[in-house]
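First the structure, in the form of structure tokens, and then the observations on it.
The model shown is predicted, which means the values in this text are computed figures rather than measured ones. A note on names: the letters A, B, ... follow the listed sequences, proteins ahead of strands, and every chain is numbered from 1.
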2 protein chains.
Amino acid sequence: MNKSFHQLEQAIDRVDSRFPGVPRQEVILTRLYYHIMPRLGAYLNEALKDYGIHESVWMTLMTMYACPDHVLYPSDISDTLDSSRTNATRISDELVKNGWAERQPCAEDRRKIRLVLTDAGIRFVERIMPVARDRNRSLWSDFSGDEKAQLEGLLRKLLARLGG
Amino acid sequence: MNKSFHQLEQAIDRVDSRFPGVPRQEVILTRLYYHIMPRLGAYLNEALKDYGIHESVWMTLMTMYACPDHVLYPSDISDTLDSSRTNATRISDELVKNGWAERQPCAEDRRKIRLVLTDAGIRFVERIMPVARDRNRSLWSDFSGDEKAQLEGLLRKLLARLGG
DNA sequence: GCGAAATAGTAACACGGTTTACTATAATCG
DNA sequence: CGATTATAGTAAACCGTGTTACTATTTCGC
């Protein structure tokens, strides 16, 4: 078992002996979640790094690829990624800078900006797609169908608890 | 169900119809994990915010509280939190700045710095402890013992997969 | 013993993200 | 109608963290 996590478990026990009443399993679950996150991010970004992008940019490209005419608005980005508008702007900047998307004014609602995937963007998405899928598949390859279904259910429950 | 997550699920399906072969469940699991993380952080930090600290500072205070004589070295912080040395230095700075800990030279190994919890630090920890525990308990209160055990097992497996 | 390699702590900088504040446009309602 | 309110996008500042580069000290291996 992981060294650093083991260390944390011991700390929990020592705290309990001085100030009894620690909700042990709850703390462990929470800390496990924290511990996994940066590693999960690193794992997924590792494959993307070769292409000079970050997970959130990739997710945005995928979302645009899925849209009719490959068009969306920056706020769709923040909705889908569940992040701030500011972040959507920054991601848009990056897409444009790399020539994968372009900004167009929107006639129907002039507050909006149409963000359109370019041909280069489409080719880029289709080139990366197989790599990204392999990563995801291999990440979960140790898990049985039952385990994945269980975990999905439990995570959905947790998300709901957190006002998802 | 969560609006933004629902949006993401639809995007996955649309991608699949254009570029078939998406590992649907795997992608959903991964994205669920991403979606939950910031909300979990916000939930836990909300209670700590009133006391002017962040989750990682709290975890460090707890760890120090658990140590013999309330002493540890900055590298113990990075081990326990699974974060960089630099981050341990910054957290140490914050503890010292707030009067919760003090730095002492270490005679046995002069590369090291002894970080000692002050009396004020101990009082602070004991004051926050009940609040932090309540938060953790209430976070997981919807989950049965079985569910928590299941989730713990699955998360440990995931951590192991990620080289934990 | 001594030179090479490892380890501890820190500072400077980069990165990905949020909050706050602003402008422009659209929708609402009295 | 017109005034108010809501929404879309962006810029500026800040925040928590990681990477890289450095110094001081200890440990290792010849």
Side-chain angles (χ1 to χ4, degrees), chain A residues 3-4 34-46 48-49 52-60 71-98 101-116, chain B residues 3-4 34-46 48-49 52-60 71-98 101-116:
Chain A
K3 177 184 171 281
S4 68
Y34 266 81
H35 245 72
I36 289 170
M37 190 62 232
R39 293 158 190 269
L40 180 61
Y43 180 85
L44 294 170
N45 283 139
E46 200 180 317
L48 262 24
K49 202 158 208 164
I53 60 170
H54 192 261
E55 204 276 339
S56 61
V57 172
W58 172 240
M59 206 58 219
T60 303
V71 176
L72 50 63
Y73 306 104
S75 22
D76 297 331
I77 297 175
S78 54
D79 286 351
T80 305
L81 298 190
D82 198 25
S83 71
S84 66
R85 290 281 163 82
T86 307
N87 198 28
T89 297
R90 208 171 38 70
I91 292 174
S92 304
D93 286 347
E94 194 167 336
L95 295 181
V96 171
K97 191 188 68 199
N98 282 285
E102 59 180 45
R103 284 187 168 98
Q104 292 172 356
C106 174
E108 303 89 60
D109 183 341
R110 288 187 317 192
R111 289 171 304 183
K112 293 188 181 176
I113 296 283
R114 283 163 50 93
L115 203 61
V116 192
Chain B
K3 176 183 172 284
S4 69
Y34 267 79
H35 245 71
I36 288 169
M37 189 63 232
R39 294 159 190 268
L40 181 61
Y43 180 85
L44 294 170
N45 282 138
E46 200 180 317
L48 263 23
K49 203 158 209 166
I53 60 170
H54 193 261
E55 205 277 336
S56 62
V57 172
W58 172 241
M59 205 59 220
T60 303
V71 175
L72 48 63
Y73 306 103
S75 20
D76 297 330
I77 297 175
S78 54
D79 286 351
T80 305
L81 298 190
D82 198 25
S83 71
S84 67
R85 290 283 163 83
T86 307
N87 198 28
T89 297
R90 208 177 35 71
I91 291 174
S92 305
D93 287 345
E94 195 168 336
L95 295 182
V96 171
K97 193 188 66 198
N98 282 284
E102 59 180 46
R103 284 187 168 98
Q104 292 173 357
C106 173
E108 303 89 61
D109 184 340
R110 287 186 318 192
R111 290 170 303 183
K112 294 187 182 178
I113 295 281
R114 283 164 50 91
L115 204 61
V116 193

Exercise. Quick one: the side chain of B:T86 and the base of D:dT19, do they pair up donor-acceptor inside 3.5 Å?
Worked result: yes
Problem set entry | Donor/acceptor link under 3.5 angstrom from B:R110 side chain onto base of D:dT25 | no
Measure from [atom1] on [X] to [atom2] on [N] and round the result to the nearest Å.
X      : N      : atom1 : atom2 : value
B:R111 : D:dA24 : CZ    : C1'   : 9 Å
B:N45  : C:dG17 : CG    : P     : 18 Å
A:I77  : D:dA8  : CD1   : P     : 13 Å
A:L95  : D:dT10 : CG    : C1'   : 16 Å
A:H54  : C:dG16 : NE2   : P     : 5 Å
B:E46  : C:dT18 : CD    : P     : 17 Å

For this session: Map A:E94 and A:E108 onto DNA chain C by nearest heavy atom, then report which one ends up closer to the 5' terminus.
Result: A:E94
For [N], does OP1 or OP2 lie under 4.0 Å from any side-chain N or O of [X]?
X     : N      : result
A:R90 : C:dG16 : no
B:T89 : C:dA11 : no
A:S75 : D:dG9  : yes

Exercise. Hey, does A:M59 have a side-chain heavy atom less than 4.5 Å from the side chain of B:Y34?
Worked result: no
Problem set entry | Lys/Arg N to Asp/Glu carboxylate O, B:R114 vs B:D109, below 4.0 Å | no
For this session: Using a 4.0 Å heavy-atom cut-off across all strands, classify A:R103 as base, sugar-phosphate, or nothing.
Result: sugar-phosphate
